[in-house]
Amino acid sequence: MKLPATTKSLLHLPTRTKTGTIIGLRYFSGELDDPHKPLPPPQPVSEIVSLLNTTDHNDWNSKPQLVEFLHTPPFPTSLLKITRQLGSTEKALQFFEFFKSHSSSSSSSPSSLSFTFQAILEQAMREEISDVPSKLYQLFSFAKDREIPLSINAATLLIRCFDRAKMLEESIAVFNALDPESRNTNVVNLLLDCLFRGGNIDDGFKVLDEMLDRDSSFPPNESTMDIILSAIWKRNWVGRRMSVEEICGLVVRFFEHGVFLDDVWLTKLITNFCRSGKCNKAWDLLHDMMRLGGQAEAVSFNALLSGLGRERDFEKMNLLMNEMKGKEIKPDVVTFGILINHLCKSYKVDEAMQVFEKMGGSESDGILVKPDLVLYNTLIDGLCKVGRQEEGFKLMEKMRLESGYEPNTVTYNCLIDGFCKAGEIERSYELFDQMKKGGVVPNVITLNTLLDGMCKHGRVNSGIELFAEMQGKGVKGNAITYTILITSFCSVNNIDKAMNLFNEMSENGCFPDAKVYYSLILGLCQARRTNDASCVASKAKEAGFGLDIICYNALIGGFCRKNKIDEAHNMLRDMEEAGIKPDRYTYNTLISYFSQKEQFATAHRVMKRMIDDGYLPNVVTYGALIHAYCLAGNVDEAMKIFQNMSSSTNVPPNTVIYNTLIDALCKSDKVEAGISLLGDMKDKGVRPNTITYNAIFKGLQERNWVEKAFQIMDQMTENACNPDYITMEVLTQWLSAIGETEKLRSFLEGYEVSTSTA
DNA sequence: ATAGGGTTAG
């Protein structure tokens with residue numbers, strides 16, 4: 001919202017004031033003009049009060065004491081005190097009239113009347129009457145008719161009362177009735193609060209604009225800031241009606257008046273700006289405030305660090321940490337936690353460990369912050385995520401010994417995931433047992449982590465058992481549990497089971513989210529049931545889950561594999577209509593399709609569009625082309641691309657590329673060339689796998705080149721590469737036929753060869 | 001601080 005530049009003062013706010021003393025205010029704030037001036041003799045307030053309270057108002061004229069009292073001009077504060085003690089609004093009003101009729105024009109100064117009126121209002125507020133706001137409004141009108149100026153307290157009292165009764169117009173009327181000379185920042189704040197909470201935002205901003213003026217009569221204070229920020233916050237204007245930039249501009253104007261954000265607001269704003277992707281604005285806000293003299297603390301710095309971390313802007317993070325050091329703002333455990341977390345998320349675990357070591361205190365910095373459990377867990381997770389789960393495990397032990405923290409569910413979950421991802425399901429299961437024995441309660445994340453590990457390593461049935469066991473212990477599955485199971489069943493082509501799970505989940509009180517639909521779509525595509533996948537896609541859309549790029553790619557790939565290029569085109573069009581742009585995967589899928597159809601010209605056209613779109617061909621692109629040329633029987637062209645990759649692109653060939661070529665060479669009776677490529681792999685540090693060796697063995701079998709096969713078998717063992725059912729098939733057939741069963745037996749020793757054909 | 005989908009190879 002743009003703040004209008006006001007030319008005319010709103011609500012009769014004066015644009016400038018003469019510096020003048022507001023007598024009433026001074027009295028009321030307990031200050032006297034001159035504390036050394038001798039005080040006049042005390043006036044008998046309590047005697048007057050008891051006389052008034054014991055006499056009917058019609059008889060007041062016959063009491064000389066009263067009349068005399070009013071003829072010597074009383075202090076306005078004495079009148080205030082007296083009126084306050086009269087017990088009822090009615091009596092207070094009677095006294096007011098009595099006082100007015102008896103005081104000379106010189107003695108009935110406006111402030112005397114104001115104070116008396118103020119006391120009447122206070123009295124009315126205290127009385128148990130049904131409609132206080134309308135009673136007060138009557139009194140307000142009464143004062144207006146008699147031209148009694150409002151004291152600042154009376155105005156405050158009236159505005160507060162009308163505001164509570166949601167009588168915005170009346171609140172504004174009171175403010176307008178207040179003599180501009182007697183207004184102050186507090187009463188303007190009150191008006192501002194009424195306007196914002198009453199929904200009169202435009203006028204609210206106009207008033208605020210005047211307050212924030214360079215030579216404002218009512219410079220803003222901390223309350224003004226609080227009122228305006230609360231208004232912005234409650235209406236959730238960030239990113240809607242009021243932009244981050246506008247909020248920044250507004251707050252800086254407060255800074256220029258020396259009014260700064262407290263830690264809570266500063267932190268809130270920084271967090272919010274960062275979440276709207278405006279870290280630079282959060283940065284400016286913090287720095288503007290400090291530049292103009294405000295003080296910030298570690299929490300606010302932490303909020304900004306966290307935002308910068310999400311953007312992986314380590315340069316700025318370091319800059320900010322150094323600023324903290326310069327300003328002697330001590331980083332706390334959260335500061336280090338943020339830094340370590342984001343280093344871990346960027347796989348910079350060694351740097352994270354260095355920061356961790358530094359926390360413990362170093363000669364140069366003397367920083368000493370004790371790491372907490374969260375920080376240890378962050379590091380353990382970071383280690384696990386880069387395949388260093390064994391170090392993660394050791395860190396847990398170290399944590400126990402050195403810091404005395406017992407691992408919690410999160411610690412175990414991180415380690416279990418680490419060992420699962422490394423395929424060490426047994427270790428994960430041991431950790432799971434250990435946690436249960438240690439009284440650490442597994443949660444749904446533990447279940448999902450372990451379940452995923454089991455499913456991905458061919459133990460779906462154990463996974464199902466685990467799920468049942470956990471359900472028995474009160475751990476219910478969630479959408480993620482079902483995603484894991486559905487994905488797993490699809491991957492072993494058990495579509496019925498996957499569909500059943502999908503249908504069952506809602507009955508178990510667990511409703512499918514987008515990713516459950518996606519997993520089913522992907523699984524069906526993978527299982528070559530593209531039409532079914534397409535149906536599920538329609539269902540997903542009906543349920544309000546638009547497809548994402550991964551789904552579209554899977555469907556496009558599925559139709560391509562089925563040779564249904566028209567359907568694939570429809571999907572591409574659908575995708576475009578949904579506003580989703582093709583990515584590297586889409587292009588590679590299409591390139592793979594066209595080149596396998598030997599439409600190399602089209603494949604190259606797609607590749608050009610891919611480059612125009614900003615995606616350089618990667619190892620998969622080249623792999624698709626190489627594979628297609630091999631299939632087309634043009635191994636020479638495939639080899640040319642392979643050589644071109646190494647010489648003129650920055651794309652090093654991977655195992656898949658080598659496997660494709662080795663297989664093609666061996667099949668076209670060029671085993672020597674294949675073996676030479678295997679040597680090349682070793683030189684380039686590309687790990688051969690079972691597929692590599694199988695291709696070689698087949699080629700060697702064709703030539704009956706036994707000695708070479710024995711060499712390669714030894715190499716395979718050295719490389720800890722497990723034979724699979726294809727290796728078994730080739731070698732048993734060949735070696736038993738030529739009576740080399742002993743070599744075969746020793747080769748297979750210690751292997752548990754999977755016999756599944758999955 | 002911890003959990004769930006994707007492109008190339010036999």
Side-chain angles (χ1 to χ4, degrees), chain A residues 337-338 340-341 344-345 372-382 384-385 408-418 420-421 443-453 455-456 477-488 490-491 513-523 525-526 547-558 560 583-593 595-596 618-628 630-631 653-664 666-667 689-698 724-727 730:
Chain A
I338 292 163
I340 287 174
N341 182 25
C344 286
K345 294 291 178 295
D372 60 5
L373 182 57
V374 171
L375 205 141
Y376 272 106
N377 286 344
T378 308
L379 269 172
I380 290 169
D381 186 56
C384 289
K385 287 281 190 296
N408 66 1
T409 309
V410 177
T411 322
Y412 279 109
N413 289 349
C414 295
L415 287 167
I416 289 172
D417 192 50
C420 277
K421 292 283 182 330
N443 60 12
V444 66
I445 299 179
T446 321
L447 162 66
N448 290 343
T449 307
L450 205 48
L451 184 65
D452 191 56
C455 287
K456 285 211 167 62
N478 60 14
I480 298 180
T481 319
Y482 285 96
T483 307
I484 294 166
L485 289 171
I486 288 169
T487 303
S488 176
C490 285
S491 75
D513 62 7
K515 288 200 176 182
V516 175
Y517 279 100
Y518 299 166
S519 69
L520 198 53
I521 294 166
L522 253 58
C525 286
Q526 227 182 322
L547 302 189
D548 68 357
I549 182 73
I550 300 177
C551 286
Y552 278 115
N553 286 340
L555 287 161
I556 292 164
C560 283
D583 69 357
R584 181 169 269 137
Y585 290 80
T586 326
Y587 286 119
N588 284 339
T589 303
L590 293 172
I591 291 166
S592 167
Y593 169 79
S595 51
Q596 279 190 40
N618 65 2
V619 70
V620 178
T621 321
Y622 292 116
L625 289 171
I626 288 170
H627 182 224
C630 288
L631 283 180
N654 64 6
T655 307
V656 176
I657 301 273
Y658 278 104
N659 288 353
T660 311
L661 287 166
I662 290 170
D663 187 61
C666 289
K667 276 181 181 152
N689 62 17
T690 314
I691 297 174
T692 325
Y693 291 111
N694 289 346
I696 300 270
F697 288 136
K698 281 184 193 166
D724 67 2
Y725 72 99
I726 294 177
T727 328
V730 175

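For clarity, every value in this text was computed on a predicted model and none was experimentally measured. A note on names: the letters A, B, ... follow the listed sequences, proteins ahead of strands, and every chain is numbered from 1. Atom set for the values below is all heavy atoms of this structure, side chains included, hydrogens, waters and symmetry mates excluded.
Within the 4.0 Å cut-off from OP1 or OP2 of dT2(B), at least one side-chain nitrogen or oxygen of K345(A) is found. Taking side-chain N and O atoms only, H627(A) has a distance below 4.0 Å to OP1 or OP2 of dA9(B). Residue K456(A) has a polar side-chain atom (N or O) positioned under 4.0 Å from OP1 or OP2 of dG5(B). Using a 4.0 Å cut-off, no side-chain N or O of K385(A) falls inside it from OP1 or OP2 of dA1(B).
Of the candidates dA1(B), dT7(B), dG10(B), dA1(B) carries the atom nearest the V410(A) side chain, counting heavy atoms from C-beta on. Taking every side-chain heavy atom of D452(A) into account, dG4(B) is the closest of dA9(B), dT7(B), dG4(B). Side-chain proximity of I480(A) to the nucleotides dA1(B), dG4(B), dG10(B) is greatest for dG4(B). For A479(A), taking side-chain heavy atoms from C-beta onward, the closest of the listed nucleotides dG10(B), dT2(B), dG4(B) is dG4(B). Of all nucleotides listed (dT2(B), dG10(B), dT7(B)), dT2(B) comes nearest to the side chain of D381(A). Residue L522(A) has its side chain nearest to dG5(B) when only dA1(B), dG5(B), dG10(B) are considered. Distance from the side chain of T589(A) is smallest for dT7(B) among the nucleotides dA3(B), dA9(B), dT7(B). Listed nucleotides: dA3(B), dG5(B), dT7(B). Nearest to the side chain of I445(A): dA3(B). For K515(A), the listed nucleotide lying nearest its side chain is dG4(B); candidates were dG10(B), dG4(B), dT7(B). Here dG6(B) is the nucleotide among dT8(B), dG6(B), dA3(B) with the atom lying nearest to any side-chain atom of Y585(A).
T660(A) comes within 4.0 angstrom of the backbone, heavy atoms only, and of no base. D372(A) comes within 4.0 angstrom of nothing in the nucleic acid, heavy atoms only.
Side-chain atoms of S519(A) and base atoms of dG5(B) include no donor and acceptor less than 3.5 Å apart. In this model, a side-chain donor or acceptor of D724(A) finds a partner on the base of dG10(B) within 3.5 Å. Side-chain N/O atoms of N478(A) and base N/O atoms of dA3(B) include a donor-acceptor pair closer than 3.5 Å. Between the base of dA1(B) and the side chain of N413(A) there is no donor-acceptor pair shorter than 3.5 Å.
Rounding to whole angstrom units, CG of residue L450(A) and P of dA3(B) are separated by 14 Å. Here the P atom of nucleotide dT2(B) and the CG atom of L375(A) are 13 Å apart, to the nearest Å. Summarising the geometry, the separation between CG on D583(A) and P on dG6(B) is reported as 13 Å, rounded to the nearest angstrom. Note: CG (N443(A)) to P (dG4(B)) measures 14 Å, nearest angstrom. Following rounding to the nearest Å, I550(A) (CD1) and dT7(B) (P) show an atom-to-atom distance of 10 Å. Per the geometry, OH belonging to Y376(A) stands 18 Å off P belonging to dT2(B), to the nearest Å. Distance, Y552(A) OH to dG5(B) C1': 15 Å, rounded to whole Å. One can place CG of D548(A) at 13 Å from C1' of dG4(B), the figure rounded to the nearest angstrom.
Panel note: side chain T378(A), backbone V374(A); a donor-acceptor pair is recorded below 3.5 Å. Proximity of a side-chain donor or acceptor of D417(A) to a complementary backbone N or O of C420(A) within less than 3.5 Å is not detected. Looking at N654(A), its side chain does come within 3.5 Å of a backbone N or O of I657(A) through a donor-acceptor pair.
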**Item:** Candidate pair K698(A) and D663(A), rule salt bridge (charged side-chain N to carboxylate O under 4.0 Å, His left out), full reasoning
**Value:** CA-CA 9 Å; K698(A) 281 184 193 166; D663(A) 187 61; 5.4 Å; no
**Request:** Begin from the C-alpha positions of I486(A) and V516(A) and carry the test side-chain contact (heavy atoms from CB on, under 4.5 Å) through to its verdict.
**Result:** CA-CA 8 Å; I486(A) 288 169; V516(A) 175; 3.9 Å; yes
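Scanning both residues, A624(A) and S595(A), for their nearest heavy atoms gives O-OG, 3.9 Å. When all heavy atoms of N377(A) and C414(A) are compared, the closest pair comes out as O-SG, 4.2 Å.
Base orientation of dG4(B): anti, since the glycosidic angle falls outside 90° of 0.
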